[in-house]
Number of protein chains: 2
Amino acid sequence: MNSIPAIKSALKASGRRITSKREVILDLLRKIPGHPDAETLFLEAKKIDPRIGLSTVYRTLALLKKEGFIEEHRLGQSHGHFEASRRAAHVHFSCLACGQVIECENPLVNRLKTEIKRTLNADLKEFHVYAGGFCRSCRPTGGRP
Amino acid sequence: MNSIPAIKSALKASGRRITSKREVILDLLRKIPGHPDAETLFLEAKKIDPRIGLSTVYRTLALLKKEGFIEEHRLGQSHGHFEASRRAAHVHFSCLACGQVIECENPLVNRLKTEIKRTLNADLKEFHVYAGGFCRSCRPTGGRP
DNA sequence: TTAGTTGCAAACAATTTGCACGTTG
DNA sequence: CAACGTGCAAATTGTTTGCAACTAA
């Protein structure tokens, strides 16, 4: 599920087209590690297809997000960061000092999600846990010296 | 803790001043229910002090956030929403259809926060859980008819 | 007195949109 | 060839900043 062919056929099924630009962006979302923002994806995409425009990147990201293939996260910054959707929800920790983002899997995330869903009787489309603070190395005391 | 007098003396202690504008914003943050954004606070503040500027609202919010008295949340929209800091972290659910925000207290939130903190050995300053989807009334099926 | 605070307008950053042209199915 | 996608530039939105005037301590 959520392999590139699966995404392509899902897009086709909803009347969208598989264009060379979309393929480039789709590939990059797989290849770039971490949580690239629109600008990063744009710059990388231009290396492959110099004629791609920033708005195409934004439009493609919006499409993939609407279809549920990628997630957009606000990692304490004013712009969005993107990553391919995964089965297990996980925590994004962002260090306020060095800026690194650490992903944390923890079974409580899914348990919490399930409980919230049941409590609200809602249809959950997104579930994001964000933690901000100072990482082991950057925290005032207790880190390595 | 985090009563208005407490906030004022904490501000004074760090060399800040208690101005009439700041008092207005501080009061509004207590009185306005829900999670107002900067624009809402600005419009309400103008009813009390018509000479207040939007930048003062932003600057005051930034200050209160830095000092830990308020939290800024990204509730699925491109702008921030603010609320007074509370002791218990809680979940913000935002309905993608009707826009209402529901707060959900659940003991798993604090347990998860504690576990993440221990796992990363980090100094956590923020811990936000955001859920987006369709509420009981707006979900395709299963809601009230 | 004097350092912190404010309003205003301008600057900025991130994202969206209108439109003529290009491309896919 | 018809509908969808794209580049470009301009428009929007949300927030920050420079600076002269203002004000709390």
Side-chain angles (χ1 to χ4, degrees), chain A residues 5 7-26 28 35-67 69-82 99, chain B residues 4-5 7-26 28 35-67 70-82 99:
Chain A
I7 294 177
K8 288 187 185 173
S9 53
L11 286 184
K12 272 188 198 158
S14 50
R16 311 335 264 272
R17 287 173 185 174
I18 309 304
T19 66
S20 63
K21 322 277 175 179
R22 286 180 180 170
E23 292 195 306
V24 168
I25 296 168
L26 225 33
L28 286 175
H35 311 80
D37 54 24
E39 188 69 20
T40 301
L41 286 163
F42 173 56
L43 293 175
E44 287 302 312
K46 273 212 292 199
K47 292 181 187 168
I48 298 163
D49 177 354
R51 299 214 10 81
I52 204 167
L54 180 55
S55 32
T56 296
V57 174
Y58 275 108
R59 282 189 274 231
T60 301
L61 291 172
L63 173 66
L64 293 173
K65 183 183 167 187
K66 183 151 62 95
E67 301 290 337
F69 298 120
I70 62 172
E71 296 174 2
E72 177 174 8
H73 295 274
R74 241 59 209 201
L75 303 175
Q77 291 182 275
S78 55
H79 57 276
H81 293 254
F82 301 85
Chain B
I4 292 193
I7 293 177
K8 287 186 185 173
S9 54
L11 286 184
K12 272 188 198 159
S14 51
R16 313 332 268 270
R17 288 174 185 176
I18 308 305
T19 66
S20 64
K21 323 278 174 180
R22 285 181 181 169
E23 292 194 305
V24 168
I25 296 168
L26 225 33
L28 287 175
H35 311 79
D37 53 24
E39 189 69 18
T40 301
L41 286 163
F42 173 55
L43 294 175
E44 288 301 312
K46 273 212 293 199
K47 293 181 187 169
I48 298 163
D49 178 354
R51 299 214 9 81
I52 203 167
L54 180 55
S55 33
T56 296
V57 173
Y58 274 108
R59 281 189 274 230
T60 301
L61 290 172
L63 173 65
L64 293 174
K65 183 182 168 189
K66 183 151 63 95
E67 300 291 337
I70 63 172
E71 295 175 1
E72 177 173 9
H73 295 274
R74 249 45 217 209
L75 303 174
Q77 290 182 277
S78 55
H79 57 277
H81 293 254
F82 300 85

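Computed from heavy atoms alone, side chains included, the values below leave out hydrogens, waters and symmetry copies.
Under the rule for a side chain to side chain donor-acceptor pair (under 3.5 Å), E67(B) has no partner lying at least two apart in sequence or in another chain. Every residue two or more places apart in sequence or in another chain that forms a ring-ring contact (aromatic ring centres under 6.0 Å, His included) with H35(B) is listed here: H92(B). The side chain to side chain donor-acceptor pair (under 3.5 Å) search around R59(A) returns none, not counting sequence neighbours.
Residues of residues 17-26 of chain A having a heavy atom closer than 4.0 Å to DNA chain D, listed by number: R17(A), T19(A), K21(A), R22(A).
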Original post:
Taking protein heavy atoms under 4.0 Å as touching, what does nucleotides 10-19 of chain D look like 5' to 3' if B marks base contact, S marks sugar-phosphate-only contact and - marks none?
Top reply: ----SBBBB-

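In this structure, R51(B) and G15(B) both approach DNA chain C, and ranking their closest nucleotides by distance from the 5' end singles out G15(B).
Note: NZ (K66(B)) to C1' (dG4(C)) measures 13 Å, nearest angstrom. In this entry the distance linking CG of D49(A) with C1' of dG5(D) reads 13 Å, nearest Å. Between the P atom of dT15(C) and the NZ atom of K65(A) lies a distance of 10 Å, rounded to the nearest Å. Straight-line distance from the CZ atom of F42(A) to the P atom of dT16(C): 15 Å, rounded to whole Å. In this structure, CG of L75(A) is placed 14 Å from P of dA14(C), rounded to the nearest angstrom. When rounded to the nearest whole Å, the span between NZ of K8(B) and P of dT5(C) equals 15 Å.
Atom CG of L11(A) and atom CZ of F69(A) lie 5.5 Å apart (nearest 0.5 Å).
Applying the side chain to side chain donor-acceptor pair (under 3.5 Å) rule to pairs touching residues 37-52 of chain A yields K21(A)-D49(A), D37(A)-T40(A), D37(A)-H79(A), E44(A)-K47(A), sequence neighbours excluded.
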